[in-house]
Amino acid sequence: MASPPPDEARDDLVASLDPSTYCDTPVYPPDLCPNMIATQAKLVYQLNKYYNERCQTRKAAIAKTIREVCKVVSDVLKEVEVQEPRFISSLSEIDARYEGMEVISPNEFEVVLYLNQMGVFNFVDDGSLPGCAVLKLSDGRKRSMSLWVEFITASGYLSARKIRSRFQTLVAQAVDKCSYRDVVKMVADTSEVKLRIRERYVVQITPAFKCTGIWPRSAAQWPMPHIPWPGPNRVAEVKAEGFNLLSKECYSLTGKQSSAESDAWVLQFSEAENRLLMGGCRKKCLSILKTLRDRHLELPGQPLNNYHMKTLLLYECEKHPRETDWDESCLGDRLNGILLQLISCLQCRRCPHYFLPNLDLFQGKPHSALEAAAKQTWRLAREILTNAKSLDKL
């Protein structure tokens, strides 16, 4: 394992959280300023209309798709459990929502399958694998004490890759046996476990461990001491909520082949992020951003996904820490700020992960795709800023 980054490197990571360091020059053209100030009430009215019409329609359609998709996935996972009881389906419906289901886009979903008995392993997060960590057998513990004994490497690591490979084989067999076998098939040519359902939807099923009561060392800089948001009580709640360790390919490790890296687990903070976005118009703002992305920023090379929107919304919360900044009357200002920051990030080809600022969410994206997304986002922002009624057509 590599040693933690030196002080200079750590300072760079901390600096990357400051939105002003994304780029040398801000992307706020002076001709926009009068439009940002003018007709604010009119913009908020149009945004609420957009939310009630476009966003709610999108939500209803996705909810219907999720119910359809989850029937198929649940059936497949039941077959998996019959073959291998260690992989127990954690996909459950609570208050009309499915626990463990993430919406990537209206046609793409991820189901997180929580595994049991991580206890005999130590969580090792020394910053050497951006966005990832490893699970190492605790000192003095015998391999035979682990539920996952055959997936432990010679060096004592629980291999995310080996667990995923075994799970992929089980899912492939389950697909052939399940009652939906005529409408579901495995996606080939990937080490991920992906299902294509009715030739319309893709669902990735990701084995994971839930980690509560601990916080990763690589996210130790959060919250920044000079930023008042989200406040000590919310910080304590978020850190207690913890994070997930996912068995999936990590884009920051693409091309690297060392055994420790291929055995690494990907850090994910979805519950923590969702808790931070409670209150004010934050969730409404995110819903509008997702709808705009789905309708206008689904571009070749897939430069942008909804997680980029969520990340920039979290940074906007830091830039505007007071709850009054997230009143309904401020919805237009917040949306404009996020779109302009998105243009800045796209032009600089850098979007730091909110909790792990040394992880660039644009890594591996084609430069031409990022440039095209910057131009399209600029057209979108300009249209919304200069003519609020244009939302009727967006």
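- Between the R282 side chain and the W326 main chain, no donor and acceptor come within less than 3.5 Å of each other.
- Residues L331 and K284 meet the side-chain proximity criterion, which asks for heavy atoms closer than 4.5 Å.
- Atoms CG and CG, from L115 and L147 in turn, are 9.0 Å apart once rounded to the nearest 0.5 Å.
- Judged by distance alone, the side chain of D75 and the main-chain N or O of S179 form a donor-acceptor pair under 3.5 Å.
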message = What verdict does the side-chain contact (heavy atoms from CB on, under 4.5 Å) test give for L113 and L77, after you've listed the backbone C-alpha separation in whole Å, the side-chain angles of each residue and the deciding distance to 0.1 Å?
response = CA-CA 9 Å; L113 182 78; L77 290 178; 4.1 Å; yes
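- If you look at F243 and W222, their ring centroids are not closer than 6.0 Å.
- Side-chain atoms of Q221 come within 3.5 Å of backbone N or O of F355 as a donor-acceptor pair.
- With ring centers used as reference points, F151 lies 6.0 Å or more from F167.
- Electrostatic pairing of R200 and E68 counts as a salt bridge here, judged by a charged N lying under 4.0 Å from a carboxylate O.
- Residues T190 and E192 bring no donor and acceptor atom of their side chains to less than 3.5 Å of each other.
- The pair K185-E199 meets the salt-bridge criterion, with a side-chain N (NZ, NE, NH1 or NH2) lying under 4.0 Å from an Asp/Glu carboxylate O.
- Residues F269 and W215 place their aromatic rings such that the two centres sit under 6.0 Å apart.
- Between K78 and E81 there is no salt bridge, since none of the side-chain N atoms of the basic residue sits less than 4.0 Å from a carboxylate O of the acidic one.
- Here T377 contributes atom OG1 and L342 contributes atom CG; the two are 4.5 Å apart, rounded to the nearest 0.5 Å.
- Under the side-chain hydrogen bond (donor to acceptor under 3.5 Å, both in side chains) criterion, E84 pairs with R86, not counting sequence neighbours.
- Between D263 and K162 no salt bridge is recorded (no basic side-chain N to carboxylate O distance below 4.0 Å).
- Side-chain N or O atoms of R164 include one that pairs as donor or acceptor with a backbone N or O of S191 at under 3.5 Å.
- Looking at heavy atoms from C-beta onward, I104 lies out of side-chain contact with F109 at the 4.5 angstrom threshold.
- The CZ atom of F87 lies 7.5 Å from the CZ atom of R166; values are rounded to the nearest 0.5 Å.
- Atom CD1 in I338 sits 14.5 Å away from atom NE2 in H308 (nearest 0.5 Å).
- Here R382 contributes atom CZ and L340 contributes atom CG; the two are 12.5 Å apart, rounded to the nearest 0.5 Å.
- K389 and Y45 share no side-chain donor-acceptor pair at under 3.5 Å.
- The structure places NZ of K319 at 12.0 Å from CG of D325, a figure rounded to the nearest 0.5 Å.
- Environment of CZ in R379: crowded, with over 12 heavy atoms of neighbouring residues, nucleotides or ligands closer than 6.0 Å.
- In K310, the NZ atom is crowded: over 12 heavy atoms of neighbouring residues, nucleotides or ligands sit closer than 6.0 Å.
- Ion pair D360/R349 not flagged as a salt bridge, since none of the NZ, NE, NH1 or NH2 atoms sits closer than 4.0 Å to an Asp/Glu carboxylate oxygen.
- Salt bridge present: E110 and K248 bring a charged side-chain N and a carboxylate O closer than 4.0 Å.
- Salt-bridge formation is detected for the pair E241/R275: a Lys NZ or Arg NE/NH1/NH2 atom is positioned less than 4.0 Å from an Asp or Glu carboxylate oxygen.
- Other members of the cluster containing V112 are Y114, L246, V266, with ILVMFWY side chains joined at under 4.5 Å, either directly or via other members.
- Side chains of Y307 and H353: a donor-acceptor N/O pair is present below 3.5 angstrom, by distance only.
- Inter-residue side-chain proximity for V184 and C178 is flagged as met; some heavy-atom pair is nearer than 4.5 Å.
- Applying the 4.5 Å side-chain rule to ILVMFWY residues, one finds that M278 remains a lone member of its cluster.
- Side chain of S390 to backbone of N387: a donor-acceptor contact under 3.5 angstrom is found.
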